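Some notes on the structure that comes next.
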Amino acid sequence: MSPLAAAAMLLLPLAAVVATTPVQSSRVRRQLAPEPDNSSADDSAVSGTNSSSSSAGAAAAPRPGAACNASGYGTEFGSSFTFECPESYALSAVGSRYCSATGDRAWNYSCTYMGLGQLGECYWSPFANDFGSVLWYQCPFNSLVTGFYSEYDAAQKDRRWKLKCCRSDSSVLYNCQNSLPANTPTGGLQFSVFGNYFLRGVFATFKRNVRRGETDRRFQFVTCKKRSGN
């Protein structure tokens with residue numbers, strides 16, 4: 001295990017505020033577990049690769065009704081998925097829609113080109129939360145978020161998450177901040193970084209509405225500015 005991966009489980013995010021704006025959609029391919037994606041593109045902001053599948057080891061999810069149409073999103077309600085930015089890209093925008101039948105969200109992600117050779121060593125974090133518990137993870141050192149892996153559990157109507165982090169060897173991250181909540185429970189979510197900020201982590205609390213039988217998470221994102229380390 002590399003020093004970067006070993007340190008990943010020990011670090012916590014800082015707190016502050018950053019704005020939110022709309023997000024672009026992503027593509028889908030089918031698989032079960034995180035796999036490296038070495039694709040690349042020339043646009044300044046692109047969608048990465050996104051895979052979804054039924055949850056392994058979890059109860060079967062209720063079949064979404066018409067109100068749970070994930071059309072236009074890169075993942076399916078009630079399915080596990082992996083998203084990875086292309087090589088040399090970092091995550092820059094997040095969007096999601098809630099489905100009450102599954103207590104789940106469909107997701108879109110977009111990525112921004114960082115420059116050739118800007119991102120070096122990459123790794124997947126361990127699971128950053130248990131079902132029904134707080135999600136709280138920040139990529140260590142000069143690492144940025146470049147992907148997500150998520151498993152859905154129908155009994156809990158919740159997800160647990162891993163983050164893919166890639167280190168920026170030629171840059172220094174500073175002025176890290178927590179965004180304001182990017183969504184209300186069961187509401188739409190739209191978040192994107194701006195200026196010279198990049199996504200470094202995520203914080204999400206689990207909410208259960210017993211009267212309505214709904215569960216959801218309220219998400220905040222950790223962002224940092226980047227400057228040359230030379």
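Just so you know, these numbers come straight off a predicted model, no measurement behind them. Positions are given from 1, in the same order as the sequence printed here.
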| field | Derivation of the side chain to side chain contact (heavy atoms under 4.5 Å, CB included) call for Lys164 and Cys122 | value | CA-CA 7 Å; Lys164 184 180 180 182; Cys122 298; 4.1 Å; yes
| Trace of the side chain to side chain contact (heavy atoms under 4.5 Å, CB included) decision for Gln118 with Ser88 | CA-CA 6 Å; Gln118 287 291 309; Ser88 299; over 6 Å; no
| request: Could you check Tyr174 against Cys176 for side chain to side chain contact (heavy atoms under 4.5 Å, CB included), going step by step and ending with a plain yes or no? | output: CA-CA 5 Å; Tyr174 70 104; Cys176 296; over 6 Å; no
| query | side chain to side chain contact (heavy atoms under 4.5 Å, CB included) between Val134 and Asn129: does it pass, once the steps are laid out? | reply | CA-CA 6 Å; Val134 171; Asn129 69 296; over 6 Å; no
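Residues Lys226 and Phe198 come closest through the heavy atom pair CE-CE1, 3.6 Å. Looking at every heavy atom in both residues, Arg218 comes nearest to Pro181 through NE-CB, 3.4 Å. The two residues Tyr73 and Ala106 come nearest to each other via the heavy atoms CD2-O, 3.6 Å. Heavy-atom minimum distance, Phe219 versus Val202: CD2-CG2, 3.9 Å. Heavy-atom minimum distance, Tyr89 versus Cys85: O-CB, 3.7 Å.
Interatomic distance, Ser143 OG to Gln138 CD, rounded to the nearest 0.5 Å: 9.5 Å. Residue Asn175 holds its CG atom at 9.5 Å from CZ of Arg227, rounded to the nearest 0.5 Å. Atom CD in Gln177 sits 8.5 Å away from atom NZ in Lys225 (nearest 0.5 Å). Taking CG of Leu119 as the start and OH of Tyr113 as the end, the distance is 10.0 Å to the nearest 0.5 Å. Atom SG of Cys165 and atom CG of Asn142 lie 12.0 Å apart (nearest 0.5 Å). Here the straight-line distance linking atom OG of Ser171 with atom CE of Met114 works out to 6.0 Å at 0.5 Å rounding.
Residues forming a ring pair (Phe, Tyr, Trp, His ring centres under 6.0 Å) with Phe131 (at least two apart in sequence, or on another chain): none.
Among residues at least two apart or in separate chains, salt bridge (charged side-chain N to carboxylate O under 4.0 Å, His left out) pairs with a member in residues 100-118 are Asp104-Arg159, Arg105-Asp216.
Under the 30°/60° scheme for interplanar angles, the aromatic rings of Tyr149 and Trp124 are found to stand perpendicular. Ring geometry for Tyr197 versus Phe194: interplanar angle of 30 to 60°, hence tilted.
Residue Trp107 forms a ring pair (Phe, Tyr, Trp, His ring centres under 6.0 Å) with just one option from Phe191, Phe148, Tyr152, Trp161, and that option is Trp161. None of Leu173, Leu199, Leu91 except one satisfies the side-chain contact (heavy atoms from CB on, under 4.5 Å) rule with Leu144; the exception is Leu173.
Proximity of a side-chain donor or acceptor of Arg97 to a complementary backbone N or O of Asn69 within less than 3.5 Å is detected. Using modelled atom types, one side-chain atom of Ser133 and one backbone atom of Asp130 make a donor-acceptor pair closer than 3.5 Å. When atom types are taken as modelled, the side chain of Ser125 and the backbone of Leu163 share a donor-acceptor pair closer than 3.5 angstrom. Between the side chain of Asn108 and the backbone N or O of Gly74, at least one donor-acceptor pair lies under 3.5 Å. The backbone N or O of Ser179 sits less than 3.5 Å from a side-chain atom of Gln220, completing a donor-acceptor pair.
Of the two cysteines examined, Cys99 and Cys68, the SG atoms meet the criterion of being under 2.5 Å apart.
The residues Arg217 and Asp158 are annotated as salt-bridged, a charged nitrogen and a carboxylate oxygen being separated by less than 4.0 angstrom.
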